[in-house]
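Take a look at the structure set out below.
Given the structure is predicted, the values throughout are model-derived calculations rather than measurements. As the structure lists them, so they are numbered: ligands from 1, and atoms in each ligand from 1.
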Amino acid sequence: MCAQIYFYQSLNNPMSMLRFEALKQALNRVPVSVEPPAKKVSDYFGMNVFDKKAMKSSLPPSVYKRLMATIEKGEKLDASQADAISSAMKAWAIERSATHYTHWFQPLTGSTAEKHDAFFDLSSDGEVIEKFKGSALVQQEPDASSFPSGGLRNTFEARGYTAWDPTSPAFLIETGYGRTLCIPTIFVSYTGEALDHKTPLLKSADLLDKAATAACQFFDKDVRKVHTSLGIEQEFFVVDKALYYARPDLVLSGRTLFGHAPAKGQQLEDHYFGSIPTRVQLFMQDFEIEALKLGIPVHTRHNEVAPGQFECAPIFEEANLAIDHNLLLMDIMEKVAEKHSLKVLFHEKPFAGINGSGKHNNWSMVTNTGINLLAPSSKAKENLQFLVFFINTMKAVYENADVLRASIASAGNDFRLGANEAPPAIMSVFVGKQLTDVLEELEHNATVKIEKGDNMYIKLGINKIPEILMDNTDRNRTSPFAFTGNKFEFRAVGSSANSAAAIMVLNTIVADQLFKFVKDVDALVEKGEKREVAIVNILRDYIKTSKNIRFEGNGYSQEWVDEAKKRGLSNITNTPDAVNAYISAKSKALFSQHGVLSEIELHARHEIMLENYIRKVQIESRALGNLATNQVIPVAIAYQNTLIQNVKGLKDIGLEKEAKAMVERIKELSTYIAGITENIDAMLEERKKANKLDTHERAHAYCHKIKPYFDKIRYNVDKLEITLPDSMWSIAKYRELLFVK
Ligand code: ADP
Ligand code: MG
């Protein structure tokens with residue numbers, strides 16, 4: 001067969017046809033216009049939420065009052081009150097065309113789950129009625145067998161139930177002609193163990209409330225409650241839908257397993273804060289409208305550093321609500337993207353060599369009296385209070401860095417943590433120049449003066465802390481845990497993660513630390529020390545002991561890795577190792593002592609995280625093998641054959657030297673082809689071995705024995721991508737995926 005025919009055949013490779021068809025579609029897209037339901041956001045914000053306003057106008061006053069007491073103080077509701085609420089909720093929902101209701105919960109797989117039931121029912125005499133009883137609002141029993149339980153719940157029993165979380169309001173989701181009433185719930189096993197993210201989060205919030213309220217008593221007896229505020233910045237990539245489907249690896253694993261870096265990557269960094277491409281902007285406006293209708297206060301949108309990468313952020317809310325809203329927002333984004341023929345990628349590292357995505361968790365504590373406990377104040381007393389919460393948080397991170405690291409561990413985040421464009425796997429705290437000075441001063445020189453009456457002041461070298469702090473502009477974007485003026489920003493959380501895992505740990509460790517602080521201060525006061533002096537002395541001690549966690553330099557540098565090692569800070573770069581911190585003796589004592597998670601629950605979580613990890617790497621390994629075998633090797637061989645024909649032709653016409661040169665290219669191709677097939681075979685062997693091991697060993701095998709093949713295979717595939725004719729390549733290229741038209 002002559003070379004031309006070979007070449008012609010490869011061009012007709014149906015797979016590469018798919019790529020070109022996708023490109024054609026992507027280039028011909030017309031922006032889809034977007035229309036908000038009203039001009040002013042205030043006219044439609046929360047229109048799909050059964051919020052306090054809706055409750056107040058539809059519930060009998062006594063029931064409304066009772067429900068507020070439940071929400072604010074955790075008081076119990078009785079069955080008749082639940083019936084009254086469900087009946088009002090049903091009327092509200094049906095009036096807005098809802099046909100179904102569902103309990104909406106957060107299984108440990110990372111996404112959200114729902115099981116829809118219709119409102120309509122048949123009465124005993126066969127009449128169709130609309131029904132939604134209090135009991136259906138409060139509790140449901142979904143078929144739980146398919147959700148991960150880490151061995152907690154025997155799948156044969158499949159008994160887990162969902163229970164209403166009244167602190168997060170019910171909302172309506174629009175799909176097709178009808179709407180569904182979604183009721184946020186926790187998800188627990190029949191024996192009461194948490195099977196979800198929300199249950200321990202709520203417990204940790206209660207715990208932090210108790211601890212922080214106790215610490216606040218030193219300063220203000222009127223503080224009755226402290227809640228955590230959370231603002232979640234969400235980073236994501238956007239790619240054209242058709243091109244997405246021309247990337248089986250993206251479809252199967254959420255990230256690209258191959259792909260040569262484009263000639264124009266993010267080297268120029270001209271994407272950041274540049275103008276958002278029209279199609280993407282319309283998509284963002286569209287999902288923002290949907291989010292606003294659901295009471296999600298989305299506020300900021302901008303390009304991110306990498307091409308095709310964007311970010312949105314809402315105004316902060318109470319943490320439980322902020323987390324529900326973030327999950328809901330991710331859902332909405334995925335749905336709305338369809339309308340714009342786009343796909344959103346929440347994976348932490350969808351493209352090698354290009355910035356990854358995170359979910360920055362801006363976290364603080366706020367009292368019922370309206371004081372942000374991490375905001376410096378102009379009053380000396382409140383400033384000492386600020387220092388108490390600030391230093392205790394730092395100390396908590398220092399003492400519990402490993403379990404905090406575990407809380408953000410996932411297969412996806414492993415590619416991001418420690419890569420040179422994401423915070424490292426080493427936990428450290430950035431506080432900024434001014435606060436560093438304050439801490440130094442407090443450690444070495446500060447004296448406390450108590451004036452007559454209740455007044456006191458700390459004599460620091462720098463006496464104007466508040467003004468300086470309010471203008472805390474020296475941001476450090478390389479720190480995993482940075483103080484940013486009036487909150488801490490936990491930047492190491494992965495973009496696809498449920499923030500609840502990280503916030504639950506953060507709440508718990510800070511609460512634990514605050515309890516210790518109160519005890520330490522009380523002990524000194526009992527010995528006769530003035531309270532303020534005792535507080536400063538304890539803080540001084542904490543500053544000294546936790547000093548090693550503070551780092552102000554470049555977190556992405558090798559120097560920091562070396563320095564952190566000297567300081568004895570852990571740098572755990574993979575999930576199977578990181579999640580061990582969940583089952584350490586220290587963690588078991590910490591979480592069970594405070595009733596946030598029992599030992600059994602910690603073991604279950606550990607197991608589930610390992611299983612999730614194995615599943616992800618296994619899928620990637622399979623997808624990688626299949627894609628290379630079915631779409632890369634065949635075209636590489638076809639091209640090699642055309643070159644072989646070419647060598648023969650060259651020889652026929654007497655061009656021996658040229659033929660020889662061509663043979664070298666053929667050999668080069670053979671090396672790449674062999675580099676792929678041999679490594680795939682070896683990877684397969686390792687997989688077979690790994691699959692015989694128990695969960696813990698299997699996770700390690702997937703991490704250390706199987707995953708290393710990914711890079712080896714990828715190297716050869718990427719070489720082929722730049723060697724083979726573009727027309728033959730069937731997998732959409734980075735340059736096509738990254739620059740959305
Ligand atoms: P940047 O990208 O500079 O970090 P953004 O404006 O994108 O800033 O995001 C900051 C996030 O921090 C927002 O979600 C904001 O609501 C939140 N935030 C601000 N103050 C607080 C606070 N006291 N507690 C929690 N979150 C806060
Ligand atoms: Mg930020």
Side-chain angles (χ1 to χ4, degrees), residues 41 45 201 204-205 208-209 212 216 225-236 269 271-274 276 284 287-288 291-292 295-306 309-330 333 355-377 382 385-386 389-390 393 421-423 429-432 435 466 469-493 495 497 499-500 502-503 506-507 510 555:
V41 170
F45 184 79
L201 173 75
S204 75
L208 186 64
D209 172 18
C216 281
K225 195 172 171 66
V226 173
H227 76 261
T228 43
S229 57
L230 184 62
I232 303 176
E233 299 164 57
Q234 178 70 53
E235 292 179 335
F236 56 96
E269 302 220 334
H271 185 68
Y272 197 58
F273 287 132
I276 301 173
M284 288 174 99
F287 77 65
E288 282 165 5
L292 292 165
I296 305 172
V298 279
H299 201 254
T300 318
R301 67 167 99 100
H302 61 81
N303 285 345
E304 260 305 325
V305 184
Q309 194 188 24
F310 307 89
E311 179 191 294
C312 65
I315 297 169
F316 67 90
E317 300 174 278
E318 187 278 315
N320 176 38
L321 193 58
I323 290 169
D324 282 0
H325 278 169
N326 173 254
L327 295 168
L328 195 50
L329 180 66
M330 289 166 79
M333 287 167 75
N355 260 17
S357 300
K359 187 179 285 208
H360 300 175
N361 279 243
N362 296 273
W363 174 94
S364 189
M365 293 162 276
V366 187
T367 66
N368 62 316
T369 54
I371 304 290
N372 174 357
L373 293 167
L374 288 176
S377 147
E382 279 177 14
Q385 177 169 277
F386 156 71
F389 284 90
F390 172 72
T393 304
E421 64 289 288
V429 180
F430 169 85
V431 303
L435 268 174
L469 289 177
M470 290 300 190
D471 184 30
N472 185 340
T473 42
D474 54 340
R475 291 289 192 93
N476 183 329
R477 298 194 178 271
T478 68
S479 174
F481 200 88
F483 184 72
T484 51
N486 61 353
K487 61 192 182 291
F488 276 104
E489 182 173 346
F490 191 14
R491 304 173 72 257
V493 184
S495 49
S499 291
I503 298 302
L506 186 56
N507 286 348
V510 173

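- For ligand 1, one of its N or O atoms has an N or O atom of S229 under 3.5 Å away.
- With hydrogens and angles disregarded, a donor-acceptor distance shorter than 3.5 Å links the side chain of N361 to the backbone of K359.
- Below 30°, between 30° and 60°, or above 60°: for F390 and F483 the angle between ring planes is above 60°, a perpendicular geometry.
- The distance criterion of under 3.5 Å between nitrogen or oxygen atoms is not met by W363 with respect to ligand 1.
- If you look at H299 next to ligand 1, there are no close heavy atoms at all, none under 4.0 Å.
- Residue contacts with ligand 1 include E311, since one of its heavy atoms falls under 4.0 Å from the ligand.
- Within ligand 1, counting atoms from 1 as listed, the ones closer than 4.0 Å to a heavy atom of I315 are 16 (O).
- You'll find the side chain of F310 reaches within 4.5 Å of the side chain of N303, heavy atoms only.
- Set against the non-hydrogen atoms of E489, the atoms of ligand 1 under 4.0 Å away are 4 (O).
- In the candidate list C312, A313, A319, P314, P314 is nearest to atom 14 (O) of ligand 1, counting heavy atoms.
- Within ligand 1, the atoms closer than 4.0 Å to a non-hydrogen atom of S364 are 23 (N), 24 (N), numbered from 1 in the order shown.
- If you number the atoms of ligand 1 from 1 as listed, the ones under 4.0 Å from a heavy atom of N372 come out as 23 (N).
- In this structure, the side chains of L292 and V41 come closer than 4.5 Å at one or more pairs of heavy atoms.
- Take S357 and apply the side-chain hydrogen bond (donor to acceptor under 3.5 Å, both in side chains) test, not counting sequence neighbours, and it matches Q309.
- Using a 4.0 Å cut-off between charged side-chain N and carboxylate O, E288 and R301 make a salt bridge.
- The side-chain contact (heavy atoms from CB on, under 4.5 Å) test applied to T369 returns D220, D222, V223, T367, I371, not counting sequence neighbours.
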